[in-house]
Amino acid sequence: MPSRRFLPMILLLGILLIPMICRAEKPPPPPMPPESLDMNLTTFSELAAAMSTVEYIPGKPGLLVYGTGRGFVYLYKVYGSRMKPVAETNLWKGIKSVTLVDMDQDGAPEVVVLTKEAMLYVLDREDLTIIWSTEESYFEGISCFTVADMEDDGQNEIIILADNHLFVFDIGSGYERWKSLVERKATHIVAGDVDGDGMKELVLSDGTVLGPRLYEEEWIWDQSFGHRMILLDMDNDGILEVVSLDGGGNLQIVDVDERARQWK
């Protein structure tokens, strides 16, 4: 035990060192990219397609958002080849993906961020303030999510596959509307009318198609839909097909209405 005569000196050193320790725990943000780059609209689109932490929506102006492994999110407006910084924020959690989605259906997108610590944030498109987020440590891991108006009431829901269960959240209130009792395992999820009944279904990459509202099983394919799924009307019959890459990286088209693979 130190002598009492050294205690005042130890306390003084502690007081002097506390600000230094606090500053050390908050690393400076990474350097901002230059405001002017020799990039065209195609370059921005290619970046967004190749990187899950970059998202770009063309327009006048366009919007570019990207996240970093240190938790920073940056938002830019794009004028031709120039980027004008709009806002930045630090979520203090490594960013896994960013997307631009019109959450409240007002014609303009919000910034949706998924972190490596299994938290989902909806950020304001003007200043990146938090509009909504999942609770801290509520999920151990988020596999995938999508945003859709599943009830056709003009209000989007966030559908999250986390900890092997599906969760449906109301965006406006943040209320958890529904949680699946059955465990689900998928890497991707999309929503759309894939059987021509006029209502959206949930399509999971493991081959499961769930109905709207009650999320009952409408069809379970004996194969996986694969990954990187999108829904497109490939045969112009007014019904969306599942277009994806199978486990071998081959393009395939599955007609849910016909319960069969249309093309591979």
Side-chain angles (χ1 to χ4, degrees), residues 22-37 39 41 43-148 156-162 167 169-172 174 187-189:
C22 292
R23 286 195 295 269
E25 291 176 350
K26 296 182 179 180
M32 298 288 286
E35 295 186 18
S36 179
L37 293 175
M39 299 173 70
L41 299 182
T43 306
F44 288 121
S45 300
E46 289 174 347
L47 274 174
M51 303 174 65
S52 63
T53 55
V54 178
E55 179 79 325
Y56 171 68
I57 293 182
K60 296 182 179 180
L63 284 179
L64 177 74
V65 61
Y66 78 98
T68 74
R70 296 167 64 185
F72 291 91
V73 180
Y74 297 103
L75 180 65
Y76 279 81
K77 288 184 179 180
V78 179
Y79 302 87
S81 63
R82 292 182 60 85
M83 300 192 304
K84 179 181 179 181
V86 176
E88 65 176 272
T89 190
N90 189 357
L91 298 176
W92 297 101
K93 300 172 181 64
I95 308 303
K96 185 176 181 180
S97 69
V98 295
T99 53
L100 288 165
V101 182
D102 185 2
M103 304 292 286
D104 51 12
Q105 301 194 45
D106 65 349
E110 280 70 45
V111 181
V112 183
V113 179
L114 176 62
T115 73
K116 297 176 181 178
E117 285 76 14
M119 286 195 66
L120 197 66
Y121 292 87
V122 178
L123 307 179
D124 185 88
R125 63 180 169 270
E126 297 295 336
D127 56 11
L128 295 179
T129 55
I130 297 174
I131 299 173
W132 177 86
S133 72
T134 54
E135 296 180 9
E136 188 91 27
S137 304
Y138 191 76
F139 298 125
E140 292 184 7
I142 295 178
S143 302
C144 51
F145 72 94
T146 191
V147 177
N156 279 332
E157 288 81 39
I158 300 181
I159 301 97
I160 303 174
L161 180 56
F167 297 80
F169 287 89
D170 179 83
I171 293 177
T187 58
H188 202 63
I189 182 173

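For the numbers below, each heavy atom of this structure counts, side chains included, while hydrogens, waters and symmetry mates do not.
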### Message
Please check: side-chain N/O of Asn156 versus main-chain N/O of Val147, any donor-acceptor pairing under 3.5 Å?
### Response
no
### Query
Given side chains that start at C-beta, do those of Lys84 and Tyr79 come closer than 4.5 Å, heavy atoms only?
yes
### Query
Does any non-hydrogen side-chain atom of Phe145 lie less than 4.5 Å from one of Phe167?
no
### Message
Let's go through Thr115 and Lys96 carefully: what are the C-alpha distance in whole Å and the side-chain angles of both, what is the deciding distance for side-chain contact (heavy atoms from CB on, under 4.5 Å) to 0.1 Å, and is it a yes or a no?
### Response
CA-CA 5 Å; Thr115 73; Lys96 185 176 181 180; 5.9 Å; no
### Message
Under 6.0 Å between ring centres: does that hold for Tyr66 and Tyr56?
### Response
no
### Query
Under 4.5 Å between any side-chain heavy atoms of Ser133 and Val122, yes or no?
no
### Message
Applying ring-ring contact (aromatic ring centres under 6.0 Å, His included) as the test, list every pair that has at least one member in residues 93-113; sequence neighbours left out.
### Response
none
### Task
Calculate, to the nearest 0.5 Å, the distance between atoms SG and CG belonging to Cys144 and Leu161 respectively.
4.5 Å
### Summary
Residues Lys77 and Leu63: closest non-hydrogen pair is CG-CD2, 3.9 Å
### Spatial distance of atom CG (Leu128) from atom CZ (Phe72) [nearest 0.5 Å]
12.5 Å
### Reported CE-to-OG1 distance for the pair Met119 and Thr134, which is rounded to 0.5 angstrom
4.5 Å
### Task
Nearest 0.5 Å please: distance from the CG atom of Leu120 over to the OG atom of Ser97.
8.0 Å
### Task
Assess whether side-chain contact (heavy atoms from CB on, under 4.5 Å) is satisfied between Val113 and Leu123, documenting all intermediate values.
CA-CA 8 Å; Val113 179; Leu123 307 179; 3.9 Å; yes
### Query
Could you give the distance from OH (Tyr121) to NZ (Lys93), rounded to the nearest 0.5 Å?
3.5 Å
### Query
Does Val112 reach the side chain of Val98, with side-chain heavy atoms less than 4.5 Å apart?
no
### Query
What is the minimum heavy-atom distance between Phe139 and Ala162, and which atoms define it?
CD2-CB, 3.4 Å
### Message
What I'd like to find out is whether the side chain of Leu100 reaches to under 4.5 Å of the side chain of Glu110, using heavy atoms alone.
### Response
no
### Task
Quickly, which of Thr53, Asn90, Thr68, Val65 forms a side chain to side chain contact (heavy atoms under 4.5 Å, CB included) with Val73? Name it, please.
Val65
### Query
Got Ile171 and Ile158 here, is their nearest side-chain heavy-atom distance under 4.5 Å?
yes
### Message
Can you list everything that forms a side chain to side chain donor-acceptor pair (under 3.5 Å) with Thr129? Sequence neighbours excluded, please.
### Response
Asp127
### Task
Report the distance from atom CD of Glu157 to atom OG1 of Thr146, rounding to the nearest 0.5 Å.
11.0 Å
### Query
Looking at Asp102 and Arg125, does any basic side-chain N land under 4.0 Å from a carboxylate oxygen?
no
